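What follows is a set of notes on a single structure, which appears directly below.
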Amino acid sequence: MLKTCHVAAFAAACFFASLAQASDLDAPREKVIAYTGYLPPLSINEAEKGITVELMELVAEEAGIDLEIRYAPWKRAQILAEKTSGSLLFALASTRERRSRFHYIAPLIYTESVFVTLERQINTAEEAKTAVRPIGVHLGSQRSRILKRHGVSNISEVATAEQLAAMLYAGRIDAWYTMRVRANYTAKTLGFDPKALVAGAPLSHGIQWLAANKDVSPEMRARYSAAVSKVWRNPRYWQIVDKYAE
């Protein structure tokens, strides 16, 4: 009789556990808005996605959330994330001013910036100063400020990566200071031969972060951080990066 009671109790426990699991599966996943800019190849657009966009999809899987990614011009994306409660912002470099506006959660990807040329290799800022034609750099970017801090004044600030790549291949600039992966991706996208590019040694390194609106809860911050940590160990991580870098 006692054995029969134990069996019945175990069966009941399993039944209620299965109901609880089913309830968890049926429960709606939390919906979260994540903003990013048009920053090829980190974030491109809805159709082509980008490195950090695909990484954020993995983060959403690990965090158990439904992620709605919204694209906007980069400055506007930051403003929207700052004003949207509970939202995320990604592919964000760290500055003191931005850290006062957002919670930085975890690095999504590390990047390196180099001088990209078609002829002689440029490895240092001192070598860049001897260039006859300007050094191309993204308009208003952190890289523009880095070059100026290194005393490189002969620069041409240009609005888009596509324009910079075209200027380099047309011989209008001696070098393009950018992320190596961006130069390769943009050249390939425009139909140029990326194998013709000569990359120098990294002049600077960067981190593209996942950040959040200031009112995000400590629990959600920990959840996102744990998810990013799992994504870094996921074999799909480097498959995504390599797909855009080739």
Side-chain angles (χ1 to χ4, degrees), residues 31-63 65-84 86-95 98 101-114 116 137-144 158-165 176-190 194 204-213 216 224-225 227-228 231-232 234 236-246:
K31 293 184 178 179
V32 177
I33 296 172
Y35 292 98
T36 191
Y38 301 106
L39 308 166
L42 299 179
S43 51
I44 305 171
N45 54 45
E46 291 183 8
E48 299 173 85
K49 296 187 178 182
I51 297 173
T52 55
V53 174
E54 293 199 39
L55 293 180
M56 281 302 300
E57 290 176 343
L58 295 185
V59 171
E61 288 179 20
E62 295 290 355
I65 60 171
D66 282 336
L67 193 65
E68 179 185 341
I69 297 176
R70 297 183 182 179
Y71 298 81
W74 189 222
K75 287 187 178 180
R76 178 162 176 75
Q78 295 174 57
I79 293 170
L80 290 169
E82 190 174 13
K83 292 183 177 180
T84 305
S87 66
L88 299 174
L89 178 67
F90 64 92
L92 186 70
S94 176
T95 67
R98 288 175 181 172
R101 297 163 56 199
F102 302 102
H103 281 304
Y104 277 69
I105 294 172
L108 283 178
I109 187 171
Y110 294 89
T111 59
E112 57 184 27
S113 295
V114 301
V116 177
V137 67
H138 220 113
L139 178 66
S141 68
Q142 183 73 6
R143 291 177 191 83
S144 174
V158 181
T160 70
E162 291 78 12
Q163 289 173 305
L164 282 158
W176 176 15
Y177 181 54
T178 187
M179 290 186 294
R180 185 195 305 265
V181 65
R182 174 167 291 155
N184 289 344
Y185 172 84
T186 307
K188 183 174 64 175
T189 300
L190 294 178
S204 61
H205 295 79
I207 304 173
Q208 309 302 318
W209 287 82
L210 169 62
N213 181 279
V216 69
Y224 294 140
S225 180
V228 173
V231 167
W232 271 97
N234 190 325
R236 291 165 63 189
Y237 182 99
W238 289 109
Q239 292 172 4
I240 291 170
V241 174
D242 290 343
K243 180 174 72 173
Y244 291 90
E246 290 176 353

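Keep in mind the model is a prediction, meaning the values are calculated, not measured.
In this structure Ser144 satisfies the side-chain contact (heavy atoms from CB on, under 4.5 Å) test together with Val137, Ser141, Lys148, Ile155, Glu157, sequence neighbours excluded. Evaluation of the ring-ring contact (aromatic ring centres under 6.0 Å, His included) rule for Trp209 yields Tyr104 as partners, not counting sequence neighbours. Applying the side-chain contact (heavy atoms from CB on, under 4.5 Å) rule to Ala93 yields the partners Arg98; only residues at least two apart in sequence or on another chain are considered. In this view, Ala165 and Trp176, Thr186, Leu190 satisfy the side-chain contact (heavy atoms from CB on, under 4.5 Å) rule, not counting sequence neighbours. Residues satisfying the side chain to side chain donor-acceptor pair (under 3.5 Å) test with Ser225, not counting sequence neighbours, are none. Partners of Trp238 under the ring-ring contact (aromatic ring centres under 6.0 Å, His included) rule, at least two apart in sequence or in another chain, do not exist in this structure. Scored by the side chain to side chain donor-acceptor pair (under 3.5 Å) test, Thr95 finds no partners at all (sequence neighbours excluded). With sequence neighbours left out, Glu68 forms a side chain to side chain donor-acceptor pair (under 3.5 Å) with Arg70. For Ala106, the side-chain contact (heavy atoms from CB on, under 4.5 Å) partners are Val228, not counting sequence neighbours.
Across Ile207, Val241, Leu210, a single residue satisfies side chain to side chain contact (heavy atoms under 4.5 Å, CB included) together with Ile109, and that is Val241.
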CA sep, side-chain torsions, deciding dist, call: Val231, Glu62, side-chain contact (heavy atoms from CB on, under 4.5 Å): CA-CA 8 Å; Val231 167; Glu62 295 290 355; 4.0 Å; yes

Stepwise side-chain contact (heavy atoms from CB on, under 4.5 Å) test for Val216 and Tyr224: CA-CA 11 Å; Val216 69; Tyr224 294 140; 4.1 Å; yes

Residues 33-41, side-chain donor-acceptor partners within the protein, below 3.5 Å, at least two apart:
| unit_1 | atom_1 | unit_2 | atom_2 | d |
| --- | --- | --- | --- | --- |
| Tyr35 | OH | Thr84 | OG1 | 3.1 |
| Thr36 | OG1 | Ser43 | OG | 3.1 |
| Thr36 | OG1 | Phe90 | O | 3.2 |

Report all side-chain donor-acceptor pairs from residues 47-58 shorter than 3.5 Å, counting only partners two or more places apart or in another chain.
| unit_1 | atom_1 | unit_2 | atom_2 | d |
| --- | --- | --- | --- | --- |
| Glu48 | OE2 | Asn45 | ND2 | 3.0 |
| Lys49 | NZ | Glu57 | OE1 | 3.3 |
| Lys49 | NZ | Glu57 | OE2 | 3.1 |
| Thr52 | OG1 | Leu42 | O | 2.7 |
| Glu54 | OE1 | Lys243 | NZ | 3.3 |
| Glu54 | OE2 | Lys243 | NZ | 2.7 |
| Glu54 | OE2 | Tyr244 | OH | 2.6 |

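Residues Phe102 and Leu92 form a side-chain contact, since some pair of their non-hydrogen atoms from C-beta on lies under 4.5 Å apart. Proximity of Arg180 to Val116: side-chain heavy atoms (C-beta onward) are nowhere separated by under 4.5 Å. Looking only at side-chain heavy atoms (C-beta outward), Leu139 and Val158 stay at 4.5 Å or farther from each other. A 4.5 Å side-chain heavy-atom check between Leu88 and Val32 finds at least one atom pair inside the cut-off.
The two residues Thr178 and Ala183 make their nearest non-hydrogen contact at CG2-CB, 3.9 Å. When every heavy atom of Ala81 is checked against every heavy atom of Ser87, the shortest pair comes out as O-OG, 3.0 Å. Looking at every heavy atom in both residues, Ala91 comes nearest to Gln208 through O-OE1, 3.4 Å.
Each salt bridge (charged side-chain N to carboxylate O under 4.0 Å, His left out) pair with one or both residues in residues 32-47, not counting sequence neighbours, would appear here, but there are none.
One finds the CG atom of Asn213 at 11.0 Å from the CZ atom of Arg101 (value rounded to the nearest 0.5 Å). Between Lys75 atom NZ and Ile79 atom CD1 the span is 9.0 Å, to the nearest 0.5 Å. Here the straight-line distance linking atom CE of Met179 with atom CD of Glu112 works out to 10.5 Å at 0.5 Å rounding. Within the model, atoms OG of Ser113 and CZ of Arg143 stand 3.5 Å from one another, a figure rounded to the nearest 0.5 Å. Atoms CG and CD, on Leu89 and Glu82 in that order, are 10.0 Å from each other to the nearest 0.5 Å.
Here the side chain of Gln163 pairs a donor or acceptor atom with the backbone of Thr160 at under 3.5 angstrom.
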